[in-house]
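Below, all heavy atoms of this structure are taken into account, side chains as well, without hydrogens, waters or symmetry copies.
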Amino acid sequence: MALGGLMALAVVIASVWTLTDKSPKSVRERFGDGEALLNLSLEALRASVGTDNLNPGKDSAVQQWLATIASLTGALVPAVLLGIVLIKLFALRPFVWRRRASVSHAWAADFPGYARLHADSDHAIIAVRFYNRLDNLSVVDLRARAHLRFLEPSPNDGSLVIYKKWLKVLDEKGEPGDERSWLAVERGAPFTVWIPVEAPVPRLPVQEIQGKDLSASHGAKLLVRLTARTVGMGTEVVDERWFDLEADDFELGRFVPVEANLRKDVWVWRGWRGFDDLLPAEGTPPEPEPSAPAVPPARGSGLAEEPPTTAVP
């Protein structure tokens, strides 16, 4: 589009230049010389991108103005193009998000320890999924954080005030932490941010998250923000996704997994076609963690011991 605009400007400059040129030839003869008109258009195009100059006649004010316009355009175009390239570079968004966040039982999380710990619990967990869509871009040091935004009436004047609450996410050990981090982001492999709800979610919308009751709140939204760096360029990549708790951004159930197969290319792994879908059923909860056996007090520890019972005839 930019090149087309410059070419159109060059043709206009060449046409007006030819029309106002002080030449013994008639206007018809001047415009009939296609080669000369083409050469003048190319010269005007080079001047408009800053690689050449037009030579106006000293007695022609119109040509002086045309040469000035071409020179100014040639000075501005490289800066504008460089700005567009930098904007494209720093506005890089390599991540593709799953269409909705899924809400399932806490025991359906991909961390065995966390799943066993919540095997007998009715608490829920939110899963937010994404993947790196660019084949030729290596991303490292990826970090994910989540926070909750909601509006509630001010206790002073009743006006709506925006509040924000940082949410815990499951870290690499499957334990609640401030952020989830990955050392490297494989090409195409899907990643999941698990956000414990710490409350049951029998139906949507979610009414409570990590101790915050949202039944009286307005405009509640969940934000997941990603930060990472690119290999080679060292450019910081920042992306985020807002999920509206009162809209169609959540669904009950467990997402369809993408099954990793290192013998095949990542884009043909099983499960990609259903990336935005849900499994028909969550499955069955795992066996709960066995409770530690009680240790009897050692003799001489000072703890009272009950005397042995004797059968009464």
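The shortest side-chain heavy-atom distance between Leu160 and His218 falls under the 4.5 Å cut-off. The shortest side-chain heavy-atom distance between Pro176 and Leu170 falls under the 4.5 Å cut-off. Contact of the Val224 side chain with the Val169 side chain is not registered, since no non-hydrogen atoms from C-beta on lie closer than 4.5 Å. No side-chain heavy atom of Asp171 sits less than 4.5 Å from a side-chain heavy atom of Ser181. A heavy-atom distance below 4.5 Å is found between the side chains of Phe250 and Leu222. Looking only at side-chain heavy atoms (C-beta outward), Val238 and Glu240 stay at 4.5 Å or farther from each other. Between Ile126 and Leu167 the shortest side-chain heavy-atom distance does not fall below 4.5 Å. A heavy-atom distance below 4.5 Å is not found between the side chains of Val266 and Glu186.
Among all heavy-atom pairs drawn from Gly211 and Glu208, the shortest one is CA-OE2, 3.8 Å. Heavy atoms only, all atoms of each residue included: Gly253 and Ser102 are closest at O-CB, 3.4 Å. Taking every heavy atom of both residues into account, Ala220 and Asp244 meet most closely at O-OD1, 3.4 Å. Contact detail for Pro153 and Gly158: the closest heavy-atom pair is CB-O, 3.7 Å. Minimum heavy-atom separation, Leu252 to Pro202: CD1-O, 3.9 Å. The heavy-atom pair separating His147 from Lys164 by the smallest distance is NE2-CD, 3.8 Å.
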Please walk me through it: do Trp107 and His118 pass ring pair (Phe, Tyr, Trp, His ring centres under 6.0 Å)?
CA-CA 5 Å; Trp107 49 258; His118 293 80; over 10 Å; no
Could you please spell out the steps behind the salt bridge (Lys or Arg N to Asp or Glu O under 4.0 Å) verdict for Arg187 and Asp265?
CA-CA 10 Å; Arg187 176 180 66 95; Asp265 185 74; 2.7 Å; yes
Apply side-chain contact (heavy atoms from CB on, under 4.5 Å) to Val193 and Phe130, showing your working.
CA-CA 9 Å; Val193 181; Phe130 62 92; 3.8 Å; yes
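Results of the ring-ring contact (aromatic ring centres under 6.0 Å, His included) test with Tyr131 over Trp97, Phe275, Trp269, Trp182 single out Phe275 as the only residue that passes.
To the nearest 0.5 Å, atoms OG (Ser217) and CD (Gln207) are separated by 9.0 Å. To the nearest 0.5 Å, atom CZ of residue Phe111 and atom NZ of residue Lys173 are 12.0 Å apart. Rounded to the nearest 0.5 Å, atoms CG (Leu142) and CZ (Arg229) are 13.0 Å apart. To the nearest 0.5 angstrom, Arg100 atom CZ is 15.5 Å from Arg129 atom CZ. Separation of atoms CG (Leu148) and NZ (Lys221) is listed at 12.0 Å; rounding is to 0.5 Å. Here the CG atom belonging to Asp141 is positioned 6.0 Å from the CG atom belonging to Leu183, to the nearest 0.5 angstrom.
Within a 6.0 Å radius of CG in Asp178, no more than 12 heavy atoms belonging to other residues, nucleotides or ligands are found. Within 6.0 Å of atom NZ in Lys165, more than 12 heavy atoms from other residues, nucleotides or ligands are found, so the atom counts as buried in its surroundings. Sparse packing is recorded around CH2 of Trp65, with 12 or fewer heavy atoms of other residues, nucleotides or ligands lying under 6.0 Å away.
Applying the salt bridge (charged side-chain N to carboxylate O under 4.0 Å, His left out) test to pairs two or more places apart or on separate chains, those with a residue in residues 142-162 are Arg143-Glu179, Arg145-Glu179, Glu152-Lys212.
If you chain together ILVMFWY residues whose side-chain heavy atoms come under 4.5 Å of each other, Leu279 ends up grouped with Val256.
Leu223 is not connected to Leu226 by any chain of hydrophobic side-chain contacts under 4.5 Å among Ile, Leu, Val, Met, Phe, Trp and Tyr, and they are in different clusters. Under the 4.5 Å side-chain heavy-atom criterion for grouping Ile, Leu, Val, Met, Phe, Trp and Tyr, Tyr163 is connected to Phe243 within one hydrophobic cluster. Under the 4.5 Å side-chain heavy-atom criterion for ILVMFWY residues, no single connected hydrophobic cluster contains both Leu245 and Leu151. Hydrophobic clustering (ILVMFWY, side-chain heavy atoms < 4.5 Å, transitive): Leu204 and Leu214 are in one cluster. In this structure, Trp267 is a member of the same hydrophobic cluster as Val258, with clusters built from ILVMFWY side-chain heavy atoms closer than 4.5 Å.
Not a single donor-acceptor pair under 3.5 Å links the side chain of Thr192 to the backbone N or O of Trp194. Remark: side-chain polar atoms of Gln210 are not paired, donor with acceptor, to backbone N or O of Glu198 under 3.5 angstrom.
Geometric assessment of Arg98 against the ring of Phe255 yields a negative cation-pi assignment under the 6.0 Å and 45° thresholds.
Using a 4.0 Å cut-off between charged side-chain N and carboxylate O, Arg254 and Asp110 make a salt bridge.
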